[in-house]
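A, B, ... follow the sequence lines: proteins, then strands. Residue 1 opens every chain.
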Amino acid sequence: MDLFLTIIQIADSGLRLATPLLFACLAGLFSERAGIFDIGLEGKILVSAFMSAAIAAVTGSVWLGLLCGIFASISFSAVHGIASITFRGNQLISGVALNFLASGITVLAAQAWFSQGGRTPPLMGEGRFMPIELPFALGRSDAEAAGVPLRVLIDQANPIQQIYSEFISGHTILVYVALLMVPLSWFVLFRTRFGLRLRAVGENPAAVDTAGVSVIKLRYASMAIAGTLCGLSGVYLATGLGAGFIKEMSAGRGYIALAALIFAKWKPVPALGATFLFGLLEAIANRYQNIDLGGFVIPVQFMQALPYILTVVILAGFVGKSVAPKAGGQPYVKER
Amino acid sequence: MVGAKTEGQQATVAPAIELRGISKAFGPVQANKDISISVQPGTIHGIIGENGAGKSTLMSILYGFYKADEGQIFIHGEETQIPDSQAAIRAGIGMVFQHFKLVENFSVLENVILGVEDGAMLRPSLAKARKTLKSLADEYELHVNPEALIEDLGVGTQQRVEILKALYREADILILDEPTGVLTPAEADHLFRILNGLRDQGKTIILITHKLREIMEITDTVSVMRRGQMTATVKTKDTNPEELAELMVGRKVLLRVDKVPAQPGENVLDIKNLRMVDDHGVERLKGINLNVRAGEILGIAGVSGNGQSELLEVLGGYATATGEIRINGDPIDLTGKYSDGRSRRERGIAHVPEDRQEHGLIMNFPAWQNIAFGYHHSEEFQKNALLMDNAKMVEIAQDKMDRFDVRPPIPSLEAKSFSGGNQQKIVVAREIERNPDLLLVGQPTRGVDIGAIEFIHKQIIGLRDQGKAVLLVSVELEEILSLSDRIAVMFDGHIMGERMPDQTDERELGLLMAGVTGEGDS
């Protein structure tokens, strides 16, 4: 197989792996832009993954699973909101607590419900999100019509068709939703009244308050959006990328999304770039288990650790000046 | 109240704002008690009082932050309920806070429309605001680049944005809370011109301040508050600063600092070609030459941010620099092992830092520990080789707090529980009695009420009269002029020149502070 096609395939896999990160990163974006640190992304992904997989397994409907997954994530967001907005608690502690809770409760509930060692039954058919074949893309029906395997068909296609069929087409609906969320988030944040107020509340809530707008309502709204987006991340993980819930399947994606958020300087379009980079690294690690550099073999463990190493590098400040929303992490108390 | 009523009857129009019997208590503290005032439209009304007199509470009630326990508010003759800021804005009240309520990384336009956007989309709102702002700018001489980011603007301009915000909300009653606290004299003059213009256009302005000069200069009427009560409302032209000060404090106050002429002796502090580069690589001190003699107060005037803070930091031992500093003729270490606060204290330098909450006190620690800090190594505080003598520290703290009139005189109370003036007295009590050769004082009366100012000034002059050297840094020109025996003006890391206080005035110093060199200055 030629190099071009290989790169496309890695990019394709990178896009799929970036999708949960992108949802979570945008969730963090809305939350932190409103001045609420959301270290609990990880936990929200996990509960959403579990709920969506469990409901999809029981009912056989992935759409019901999706709704319940989002509901679970929003519930966690609501708890975070009550703790940090209404009761002005420490946002980091609340987030960490939710992560622990998610980590324990998902396995416990899965075991009690399905007795399969803390996982849900594998999802099949309507219980999963299936790849969508875009118009004019090469797919199974084309292969059957031509009488050759799909592999061969794509191999023979022109480069544009290759990119279209491999990279752009053939993802589940949620991947396209995630991509759509990027311009949508940008528009909401930077072109609407709601976005202006939301950004203001993360920078200087007192300015919003004295302008006669409720800081509390805005922050709860941001929590609801973050909960929904984070829920989609978990749903995709369990019903699109995977086929069921397994213990700790979020695997630090919530934290990586936060690193990507810093990398992206709290902006939606760079968030797409940052999460795609992390997705690519994961895809490369998956594809090349051991890279042989003429006598020296890079071990698979190193490859798999790459996204996490990059996270550390980013957080250590190698990305230049990245200024967080000024009021981040501070509960709003009216001044006397 | 009586005065207000007669005024109301004389005028043909209803007062723009009338308060009747406003009371507000926070727990046992009566912040406002039966307050009644009436402000005629098209006038500037001053409200003056010490910190904690209840001015801000009263204005917060007007702006809907608090609900009054009792009383009524009338706007243009109609009784109005103000349960929240939105209602205040609807009633035509605009507020310019002491600490600006601006989003720093937003543009001027975005800040102006925040909360009063027309519709869900931003673009049309921004376009409309751009237009309105232009006409407001022409009408009131409030020129600000609408696309500029707030963080790139100076404080004076930021304040204009706050005024624009209020005007954009069609406020016809404007409340300004301590508006000149952060401004240079020139900026303050500009603000006053704007306020005069607004009054001429029929706006009503309420100016809250503790500066008597401003009241005398710009207001038509003035109300004095003391301990939650309105003690008097008078026409400005019928009163004078001395009377107002007495009404504010409740006793006679010496506005002019009383001092005998200085009798300077030998040089205590000698600074030669001092240079300092900050953490961001910006040169803050660009070759400072200064000297302070024994028995002399050298005042350093300047707009904040022109190197005065850095000079104090270097002298106090928490920033490094190059050049030469001598104390009593012996050089001190500027970069090495002995360039820290403790070494400086051992060399006889005491320091009342500019920012008492950041550098002068540990806010969560009790007063007695704060009074020992910096000198906790001293012999008297040691019980034995291992332990400190806490009881002794408390005892000394109690003694100092009594003598320096710190209220309340409770050594176990945390520093943050004291008012600004009393916090400053704690710092002064600690530093001044260590028999220093040189006292560094930064902004000794920032956020300190008028009674405490008098006390702190007396302490500083007392130290001078004992033959000690004092280096005073203040952004308050009045303070510099009344305390100093000699004045040096700093601008952009340079000393622009030196003046004798009796041979100069605010205007000349103001020019030097703005970097305009006079005759005979290098």
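Around the CZ atom of A:F71, the shell of radius 6.0 Å holds no more than 12 heavy atoms that belong to other residues, nucleotides or ligands. Crowding of B:Q98 atom CD: a count of heavy atoms from other residues, nucleotides or ligands under 6.0 Å exceeding 12. The number of heavy atoms from other shown groups lying within 6.0 Å of CD (B:E79) is above 12. Heavy-atom neighbours of B:E170 CD from other residues, nucleotides or ligands within 6.0 Å: at or below the threshold of 12.
Using a 4.5 Å heavy-atom cutoff, the side chains of B:F65 and A:T210 are in contact. The shortest side-chain heavy-atom distance between B:E104 and A:K326 falls under the 4.5 Å cut-off.
The stretch residues 109-125 of chain B places B:E110, B:I113, B:L114, B:G115, B:V116, B:E117, B:G119, B:A120, B:M121, B:L122, B:R123 near chain A, each with some heavy atom under 4.5 Å from a heavy atom of that chain. Residues of residues 179-199 of chain A lying within less than 4.5 angstrom of chain B, judged on heavy atoms, are A:F187, A:F190, A:R191, A:T192, A:R193, A:L196, A:R197, A:R199 in numerical order.
Contacts of B:Y63 with chain A are made by side-chain atoms alone, with heavy-atom separations under 4.5 Å and no backbone atom involved.
Nearest heavy-atom pair, B:R169 versus A:A211, reported as atom, atom and distance to 0.1 Å: NH2-CB, 4.0 Å.
When the options B:L102, B:I150, B:V103 are evaluated for a side-chain contact (heavy atoms from CB on, under 4.5 Å) with A:E203, the one that passes is B:V103.
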